[in-house]
Participant: 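Structure below; questions to follow.
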Amino acid sequence: MTNKFNTMTRTKTSLPFFASCMFAALCLNSVHSDKSDKASDMTALLNRLIRGYDKRLRPNFGGPPVRVTIGLWVLSIDSINVVDMDYKLDFFLRQLWNDPRLKHDWNETLALSNTMLDKIWVPDTYFENSKSSKFHKVTMVNKLLSISPDGGVHYNARVTVRANCPMDLRLFPFDKQQCDLNIESYGYNAENMQYQWENRTDKGVAVNEKLDDMPQYNLTGATTRRYFTVYYSGNWSRLSTSFSFTRRAGYFLIHIYAPCTLIVILSWISFCIPHDSTAARIALGITSVLTITTILNMLNTTMPKVSYVKAIDWYLIGSFLFVFGVLVEYTFVLYVVNVHNKRLKRIMIAHELEAAEEEHVNKRNLTNSTTKGNVSPKNHHNHDNSYGYDPLESYSAFYEKSKKPVTQLCERSKAKRRHSVSDIEHRPLTYPRTPQCSVKRSCANLIDPDCLDDYARIIFPICFILFNIIYWLHFKVL
């Protein structure tokens, strides 16, 4: 009796479990059957849409133009090439239009495979100022297609475009550029197809926020417009978006402006070197000139060959003129020193000739007096040490009369000259110049060569500071 009772109990317990399993199996079979029926209905619907569909004809053929709505989602702007004057843009291109032939009675939008694009009409949109364009194909073709019940078609594709961007570089590197992207139909004029931007707050162009971190540019905004262009074959609808960029000048301040300023300041060391140290001053001047020239050439290799002068060129040219002016100043110092040395030699020769003539006259007078028996000791002179003439004292007296009054700036230079002028006595003498050459060199004779470096140490820094003030006010502030 006990076994029989246990058997009956297990039978009663297993009956609800068996019933629930059967119910679950029936539900799963029903769901699977519904899904199969739904897939079969979708296949039949697509076949019905494609049946008799001619993709060679645009929607509303023979009627009003089809309106294609465009929207962009900009992912990245990889490079803005100044040499080739173009820029690379990666974005999602959305195109929406209505095709009455694709209306269906399904209660929701159909998300379809991109292979369906080969069976329906698609706008022949292209980018008018594009140099090269491509669709992304990894891991599959990046295209999306959906069809709403009222026949609205949404076509989305990821596109990379390298577009032309003419630039005005007169204010480089403080310039602002605008790069356009023009969208147009290749085969349909305005009577058959017209474009319009999506009606959104961003006017149809959304930009990724990460674009604010571009290395050389700041994206300041994007504007859109819609207009018609006139070709030989008629009017064509066009959409255009313009991206505004402001160049970041930090790189050029660090690598161009700062080195040029330091090189100009370094060249002023030449004014502190004595003018008789020719090798040191020439080497320093030529090195400064070649360094500025190298920076200028290095910059021009990365820039287009434009026919106008850029803002950075003005600074490099100005720096080049300052370091070149240091060489010119030293050349003028050498010229003035050479003129004074030759003038001293001519004075010494003239006095020697005068002393020789005086000696000849004295000898002749002495001979005449001896003949008459009347010798006058009064006319006898002792001509030791060049007949008692000191050419340095004569030159100093003549030099003080001929030159202009000087300020205290030249006092220390005069002291140097008094110690070095005695070396001129040991140099070979030359014959005096013709009167015409003396007239031409009269201006140089009035200049004290030792004062030129003293004045240059003040004039060059003041001029360079004024140059920088005018430059930065004109190109950066104003």
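Only this structure's heavy atoms are used, side chains among them; waters, hydrogens and symmetry mates stay out.
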Participant: Sort and list the pairs that fulfil side-chain hydrogen bond (donor to acceptor under 3.5 Å, both in side chains) and have at least one residue in residues 282-306, not counting sequence neighbours.
Facilitator: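 Found none.
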
Participant: side-chain contact (heavy atoms from CB on, under 4.5 Å) between W268 and L284: does it pass, once the steps are laid out?
Facilitator: CA-CA 9 Å; W268 298 340; L284 181 60; over 6 Å; no

Participant: Of all residues at least two apart in sequence or in a different chain, which pass the disulfide bond (SG atoms under 2.5 Å apart) check with C260?
Facilitator: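 Testing C260 for disulfide bond (SG atoms under 2.5 Å apart), a comparison that skips the adjacent residues, returns none.
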
Participant: Main chain of G187, side chain of D124: is a donor-acceptor contact present, judged purely on distance under 3.5 Å?
Facilitator: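 Checking the backbone N and O of G187 against the side chain of D124, a donor-acceptor pair under 3.5 Å is found.
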
Participant: Are any non-hydrogen side-chain atoms of I286 and I282 less than 4.5 angstrom apart?
Facilitator: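 Yes - at least one pair of side-chain heavy atoms lies under 4.5 Å apart.
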
Participant: Should the heavy atoms of other residues, nucleotides or ligands under 6.0 Å from OH of Y251 be counted, would the total exceed 12?
Facilitator: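 Atom OH in Y251 is not crowded, with 12 or fewer foreign heavy atoms closer than 6.0 Å.
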
Participant: So, T278 versus Y330: side-chain donor-acceptor pair below 3.5 Å or not?
Facilitator: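 Y330 and T278 do have a side-chain donor-acceptor pair below 3.5 Å.
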
Participant: With the side chain counted from C-beta on, respond yes when V205 and W73 share a heavy-atom pair under 4.5 Å apart, and no when they do not.
Facilitator: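 No, their side chains stay 4.5 Å or more apart.
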
Participant: Mind checking the CG-NZ spacing from N98 to K103? Nearest 0.5 Å is all I need.
Facilitator: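 So the CG of N98 and the NZ of K103 are separated by 6.5 Å.
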
Participant: Can you confirm whether more than 12 heavy atoms, excluding those of W472, are under 6.0 Å from its CH2 atom?
Facilitator: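 Yes, enclosed.
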
Participant: Is there a donor-acceptor contact under 3.5 Å from the side chain of W197 to the main chain of R225?
Facilitator: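 A pair under 3.5 Å: yes.
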
Participant: Is it the case that E184 and Y231 place a side-chain donor and acceptor less than 3.5 Å from each other?
Facilitator: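 Yes, because at least one side-chain N or O of E184 sits under 3.5 Å from a partner of the opposite role on Y231.
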
Participant: Run F91 and V161 through side-chain contact (heavy atoms from CB on, under 4.5 Å) and show every step you take.
Facilitator: CA-CA 8 Å; F91 58 92; V161 176; 3.7 Å; yes

Participant: Is any side-chain heavy atom of F252 closer than 4.5 Å to one of I312?
Facilitator: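 Answer yes - side chains close enough.
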
Participant: R162 versus S130: any side-chain heavy-atom pair under 4.5 Å?
Facilitator: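 They are not in contact (no side-chain heavy atoms under 4.5 Å apart), so the answer is no.
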
Participant: Is the CD atom of Q196 crowded by more than 12 outside heavy atoms at less than 6.0 Å?
Facilitator: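 Yes - once you tally the heavy atoms of other residues, nucleotides and ligands closer than 6.0 Å, there are more than 12.
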
Participant: Roughly how far apart are L321 CG and C463 SG, rounded to 0.5 Å?
Facilitator: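 Taking CG in L321 and SG in C463, the distance rounds to 12.0 Å.
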
Participant: Is the shortest heavy-atom distance from the side chain of L144 to the side chain of Y155 under 4.5 Å?
Facilitator: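 A side-chain contact under 4.5 Å is absent here.
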
Participant: Name each donor-acceptor pair under 3.5 Å that joins a side chain in residues 134-141 to protein atoms two or more places apart or in another chain, with its distance.
Facilitator:
| unit_1 | atom_1 | unit_2 | atom_2 | d |
| --- | --- | --- | --- | --- |
| H136 | NE2 | T160 | OG1 | 2.6 |

Participant: Should we say atom CZ of F228 is surrounded by more than 12 heavy atoms from elsewhere, each under 6.0 Å from it?
Facilitator: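 It does: F228 CZ has more than 12 such atoms within range.
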
Participant: Does atom NZ of K176 have more than 12 heavy-atom neighbours, drawn from other residues, nucleotides or ligands, at distances under 6.0 Å?
Facilitator: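 No, NZ of K176 has 12 or fewer neighbouring heavy atoms, counting only those of other groups under 6.0 Å.
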
Participant: Using only heavy-atom distances, determine whether the side chains of Y186 and T125 contain a donor-acceptor pair under 3.5 Å.
Facilitator: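 Result is no, nothing qualifies.
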
Participant: Nearest 0.5 Å, please: how far is NZ in K310 from CG in L169?
Facilitator: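 Atom-to-atom, L169:CG and K310:NZ are 7.0 Å apart.
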
Participant: side-chain contact (heavy atoms from CB on, under 4.5 Å) for L112 and I147? Distances and angles first, verdict last.
Facilitator: CA-CA 8 Å; L112 305 176; I147 302 175; 3.6 Å; yes

Participant: Side chains of T246 and N218: any donor to acceptor distance under 3.5 Å?
Facilitator: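 Looking only at side-chain atoms, T246 and N218 do not form any donor-acceptor pair under 3.5 Å.
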
Participant: Between Q177 and D168 (side chain of the first, backbone of the second, donor and acceptor by atom type, cut-off under 3.5 Å), is there such a pair?
Facilitator: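 At least one qualifying donor-acceptor pair exists.
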
Participant: Would you say the side-chain atoms of N81 and S79 include a donor-acceptor pair closer than 3.5 Å?
Facilitator: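 No pair is found: no donor N or O on one side chain lies under 3.5 Å from an acceptor on the other.
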
Participant: Could you measure the distance from the NE2 atom of H474 to the CG atom of L171? Nearest 0.5 Å is fine.
Facilitator: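 Result: 8.5 Å between the selected atoms.
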
Participant: Quick one: does any side-chain atom of S242 pair with a main-chain N or O of T223 as donor and acceptor, under 3.5 Å?
Facilitator: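 Between the backbone of T223 and the side chain of S242 there is no qualifying donor-acceptor contact (under 3.5 Å).
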
Participant: If we ignore hydrogens and angles and just use 3.5 Å, is the side chain of N129 paired with the main-chain N or O of N182 as donor and acceptor?
Facilitator: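 Present.
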
Participant: Enumerate the residue pairs fulfilling salt bridge (Lys or Arg N to Asp or Glu O under 4.0 Å) with a member in residues 244-269, sequence neighbours excluded, ordered by first and then second residue.
Facilitator: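 Residue pairs passing salt bridge (Lys or Arg N to Asp or Glu O under 4.0 Å), neighbours aside: D175-R247.
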
Participant: Using the salt bridge (Lys or Arg N to Asp or Glu O under 4.0 Å) rule, collect all pairs that involve residues 139-159, keeping only residues at least two apart or in two chains.
Facilitator: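 Qualifying pairs, neighbours excluded: D90-R158.
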
Participant: Write out all pairs satisfying salt bridge (Lys or Arg N to Asp or Glu O under 4.0 Å) with one or both partners inside residues 270-288, taking only residues at least two apart or from two chains.
Facilitator: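 Only R281-E329, R281-D453 qualify under salt bridge (Lys or Arg N to Asp or Glu O under 4.0 Å).
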
Participant: Can you find a pair of side-chain heavy atoms, one from T220 and one from F243, that are under 4.5 Å apart?
Facilitator: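 Side-chain contact under 4.5 Å: no.
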
Participant: Please tell me whether F475 and Y471 form a close aromatic pair, meaning their ring centres lie under 6.0 Å apart.
Facilitator: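 So the answer is yes for these two rings.
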
Participant: Take N164 and D84 through the side-chain contact (heavy atoms from CB on, under 4.5 Å) test and state the conclusion after the steps.
Facilitator: CA-CA 8 Å; N164 183 39; D84 297 330; over 6 Å; no

Participant: Are the side chain of S185 and the backbone of Y188 linked by a donor-acceptor contact shorter than 3.5 Å?
Facilitator: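 Answer holds: yes.
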
Participant: Distance check, rounded to the nearest 0.5 Å: N235 atom CG versus T229 atom OG1?
Facilitator: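 Output value for this atom pair is 7.5 Å.
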
Participant: Assess the pair Y315 and Y257: is the distance between their ring centroids shorter than 6.0 Å?
Facilitator: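 Yes, close enough.
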
Participant: Is there a side-chain contact between Y217 and I80, using heavy atoms and a 4.5 Å cut-off?
Facilitator: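 A side-chain contact exists here, since the closest heavy-atom pair is under 4.5 Å.
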
Participant: Less than 4.5 Å apart, any side-chain heavy atom of F127 and any of L93?
Facilitator: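 When only atoms from C-beta onward are counted, L93 and F127 do touch, with a gap below 4.5 Å.
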
Participant: Between I120 and K55, what is the shortest heavy-atom contact and its length?
Facilitator: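 Taking every non-hydrogen atom into account, C-CB, 3.7 Å.
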
Participant: Using only heavy-atom distances, determine whether the side chains of S240 and D180 contain a donor-acceptor pair under 3.5 Å.
Facilitator: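 Judged by distance alone, the side chains do not pair up.
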
Participant: Hey, does the Lys NZ or Arg CZ of R170 hover above the aromatic six-ring of F172, less than 6.0 Å from the centre and inside 45° of the axis?
Facilitator: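 Because its charged atom misses either the 6.0 Å distance or the 45° angle limit, R170 does not stack over F172.
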
Participant: Find out whether the Lys NZ or Arg CZ of R101 is both under 6.0 angstrom from the six-membered ring centre of Y53 and within 45° of the ring's axis.
Facilitator: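 Pair R101/Y53 counts as cation-pi.
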
Participant: State the OH-CD1 distance between Y195 and I70, to the nearest 0.5 angstrom.
Facilitator: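 The distance works out to 6.0 Å.
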
